[in-house]
Amino acid sequence: MAAAAVALSNGSGGGGDSKAEFAEIYSRLKEEMLEDPAFEFTDESLQWIERMLDYNVLGGKCNRGLSVIDSYKTLKGVDVLRKEETFLACTLGWCIEWLQAYFLVLDDIMDNSQTRRGQPCWFRVPQVGLIAVNDGIILRNHISRILQRHFRGKPYYVDLIDLFNEVEFKTASGQLLDLITTHEGEKDLTKYNLNVHRRIVQYKTAYYSFYLPVACALLLSGENLDNFGDVKNILVEMGTYFQVQDDYLDCFGDPESIGKIGTDIEDYKCSWLVVQALEHADESQKGILLENYGKSDPESVAKVKDLYKELDLETAFHKYERESYNKLIADIEAQPSKAVQKVLMSFLEKIYKRQK
């Protein structure tokens, strides 16, 4: 199979060496999946899987995957890892990117989304359609195959399996809460409040995007995750802040910058913006929301966006951003390990005041 070029954004964190090392490992892992002896592949199925992997696993900023390498280097206090250490850190990073691809392929179907990372969602590609559901299952199974192949003899192998299983369960459960809260035909804005929003975003986004990369690096470092409860809590808080940013950018961000057309209003999402609007709107303004939120016609969407501007939710978001940042800084500085502090600060610096 031809090896695909892996393009990593300059804004994705980590040094150039990390990016080059990381890119190189993708091709090796892909080849292993295409040569897996557990299945008798046909030429057609091999071509399909290779195209599917390149389309869905690649194309993002690779923040999560690169964070494993950078966090591991920081925890070890080195700038350069030994070859075996580099391979294992990159492999775990790619497992997270595979997990992300699995979630996104299925999430786009459930949300009936149009674009992802500046191109059509995988299920909207001609001849793909709902085959994408099975592709998502294959992506998830690849993670188990990769972990088994490269980590089965490691003392932390069972901990890795448990970690990925637990994070997947939390994420899928967060997705369920999101879906049933916004279920078509049961539209009820009274169900939307800050607590519901917080629970959805913590479980749907924070654990796999923020905690998982650091937890992988800690396991590689020989640490016991039970000793890092405070670190987990800080990373989950950071992930919540990240998702609130995402909710804000869905409405106020530039689609070309963020790589997708925001559809939270049309999709009746329990977004931070609509929760804030419900909290601060008078009865007349709530009537506008009830009448227009969740409708896909441009006029209704425009009315909701106009109401957000009328309620000055842009200013409310910037206030939330400032306060969240200050609290996170204080919590990070309270950590006893300087290396852990450095890891946490690197995450915060990547997302603070991001535009995409």
- Minimum side-chain heavy-atom gap Met33-Ile49 below 4.5 Å: no

- Quick check: does any side chain N or O of Ser337 sit under 3.5 Å from a backbone N or O of Val340, one acting as donor and the other as acceptor? yes

- Query: Any side-chain donor paired with an acceptor under 3.5 Å for Glu237 and Asn233?
  - Reply: no

- Answer yes or no: is there a donor N or O on one side and an acceptor on the other, between the side chain of Asp250 and the main chain of Asp264, under 3.5 Å? yes

- N/O donor-acceptor pair under 3.5 Å between Ser113 side chain and Ile109 backbone: no

- Query: Checking Ser324 side chain against Glu321 main chain: does a donor-acceptor pair fall under 3.5 Å?
  - Reply: no

- Under 4.0 Å between a Lys/Arg side-chain N and an Asp/Glu carboxylate O for Glu50 and Lys30? yes

- Item | Partner set under ring pair (Phe, Tyr, Trp, His ring centres under 6.0 Å) for Phe169, not counting sequence neighbours | none

- Do Cys216 and Ile96 touch side chain to side chain, with heavy atoms closer than 4.5 Å? yes

- Is it the case that Glu21 and Thr86 place a side-chain donor and acceptor less than 3.5 Å from each other? no

- Do Tyr211 and Leu163 come within less than 4.5 Å of each other through their side chains, counting heavy atoms only? yes

- Task: Would you check if there is a donor-acceptor pair between the side chains of Asp312 and Thr315 at a distance under 3.5 Å?
- Result: yes

- Sub-4.5 Å side-chain heavy-atom contact between Ser173 and Tyr203: no

- Message: Assess whether a salt bridge exists between Glu323 and Lys327, defined as any Lys/Arg side-chain N lying under 4.0 Å from an Asp/Glu carboxylate O.
- Response: no

- Message: Using side chain to side chain contact (heavy atoms under 4.5 Å, CB included), reason through Val304 and Val301 one step at a time and then give a plain yes or no.
- Response: CA-CA 5 Å; Val304 174; Val301 173; 5.9 Å; no

- Query: What residues, two or more places apart in sequence or in another chain, satisfy ring pair (Phe, Tyr, Trp, His ring centres under 6.0 Å) together with Phe164?
  - Reply: none

- Task: Verify the distance criterion only: is there a donor paired with an acceptor across the side chains of Glu333 and Gln341 at less than 3.5 Å?
- Result: no

- Message: Could you see if Tyr26 belongs to whatever hydrophobic cluster contains Leu81? Use Ile, Leu, Val, Met, Phe, Trp, Tyr and a side-chain cutoff under 4.5 Å.
- Response: yes

- Hey, are the side chains of Tyr308 and Ile265 touching, using non-hydrogen atoms and a 4.5 Å cut-off? yes

- Query: Less than 6.0 Å separating the ring centroids of Phe317 and Tyr248?
  - Reply: yes

- Backbone N/O of Glu291 and side chain of Lys295: donor-acceptor pair under 3.5 Å: yes

- Message: Quick one: does any side-chain atom of Arg116 pair with a main-chain N or O of Asn56 as donor and acceptor, under 3.5 Å?
- Response: no

- Would you call Asp111-Lys269 a salt bridge at under 4.0 Å N-O? yes

- Query: According to the ring-ring contact (aromatic ring centres under 6.0 Å, His included) rule, which pairs have a member within residues 219-240, sequence neighbours left out?
  - Reply: none

- Hey, any chance Leu106 and Val201 share a hydrophobic cluster, counting ILVMFWY side chains that come within less than 4.5 Å of each other, even indirectly? no

- Does Tyr293 have any ring pair (Phe, Tyr, Trp, His ring centres under 6.0 Å) partners at least two apart in sequence or in another chain, and if so, which? Tyr268

- Query: Got a sec, which residues hit ring pair (Phe, Tyr, Trp, His ring centres under 6.0 Å) with Tyr208, two or more places apart in sequence or on another chain?
  - Reply: Phe103

- Message: Can you see whether Phe87 has Arg28 sitting over its ring - NZ or CZ less than 6.0 Å from the centre and within 45° of the normal?
- Response: yes

- Message: Tell me the closest heavy-atom pair linking Ser296 and Glu266, and the distance in Å.
- Response: CA-CG, 3.7 Å

- Task: Verify the distance criterion only: is there a donor paired with an acceptor across the side chains of Gln202 and Tyr207 at less than 3.5 Å?
- Result: no

- Task: Kindly determine whether Tyr352 and Tyr325 satisfy ring-ring contact (aromatic ring centres under 6.0 Å, His included), including the steps that lead there.
- Result: CA-CA 8 Å; Tyr352 183 53; Tyr325 179 79; 4.0 Å; yes

- Message: Check this for me: Lys342, atom NZ, are more than 12 non-hydrogen atoms of other residues, nucleotides or ligands nearer than 6.0 Å?
- Response: no

Validation: residues 132-147 side-chain donor-acceptor distances under 3.5 Å, sequence neighbours left out:
residue: Asp135; atom: OD1; partner: Trp48; partner atom: NE1; Å: 3.0
residue: Asp135; atom: OD2; partner: Trp48; partner atom: NE1; Å: 3.2
residue: Asp135; atom: OD2; partner: Trp122; partner atom: NE1; Å: 2.8
residue: Arg140; atom: NE; partner: Glu168; partner atom: OE1; Å: 2.6
residue: Arg140; atom: NE; partner: Glu168; partner atom: OE2; Å: 3.4
residue: Arg140; atom: NH1; partner: Ser144; partner atom: OG; Å: 3.4
residue: Arg140; atom: NH2; partner: Asn165; partner atom: OD1; Å: 3.2
residue: Arg140; atom: NH2; partner: Glu168; partner atom: OE1; Å: 3.1
residue: Asn141; atom: ND2; partner: Ile137; partner atom: O; Å: 2.8
residue: His142; atom: ND1; partner: Trp98; partner atom: NE1; Å: 3.1
residue: Arg145; atom: NE; partner: Asp36; partner atom: OD2; Å: 2.9
residue: Arg145; atom: NH2; partner: Asp36; partner atom: OD1; Å: 2.9
residue: Arg145; atom: NH2; partner: Asp36; partner atom: OD2; Å: 3.4

- Just wondering, more than 12 heavy atoms not from Asp79 lying within 6.0 Å of its CG? no

- Note on the structure: What one should report as the nearest heavy-atom pair of Leu235 and Phe210 is O-CB, 3.4 Å

- Polar side-chain atom of Arg117 near backbone of Leu58 as donor-acceptor pair, under 3.5 Å: yes

- Message: Quick one about Arg124 and Asn112 (side-chain donor to acceptor, distance below 3.5 Å, no hydrogens or angles considered), yes or no?
- Response: yes

- Message: Please determine whether residues Phe123 and Leu104 belong to a single hydrophobic cluster, defined as Ile, Leu, Val, Met, Phe, Trp and Tyr linked transitively by side-chain heavy-atom distances below 4.5 Å.
- Response: no

- Message: Checking side-chain polar atoms at under 3.5 Å, does Ser45 have a donor or acceptor matched by the opposite partner on Thr42?
- Response: yes

- Query: Any luck finding a side-chain donor-acceptor pair between His280 and Gln285 under 3.5 Å?
  - Reply: no

- Message: Just so I know, are the side chains of Cys121 and Gln114 near enough to count as touching, which here means a heavy-atom distance under 4.5 Å?
- Response: no

- Look at Lys303 together with Glu299 and state whether they make a salt bridge at an N to O cut-off of under 4.0 Å. yes

- 4.5 Å side-chain heavy-atom contact, His197 and Asp247: yes

- Just wondering, do Lys76 and Glu85 contact through their side chains at under 4.5 Å, heavy atoms? yes

- Six-ring centre of Phe347, Lys350 cation under 6.0 angstrom, axis tolerance 45°: yes

- May I ask you to decide whether Asp282 forms a salt bridge with Lys286, counting only side-chain N to carboxylate O separations under 4.0 Å? no

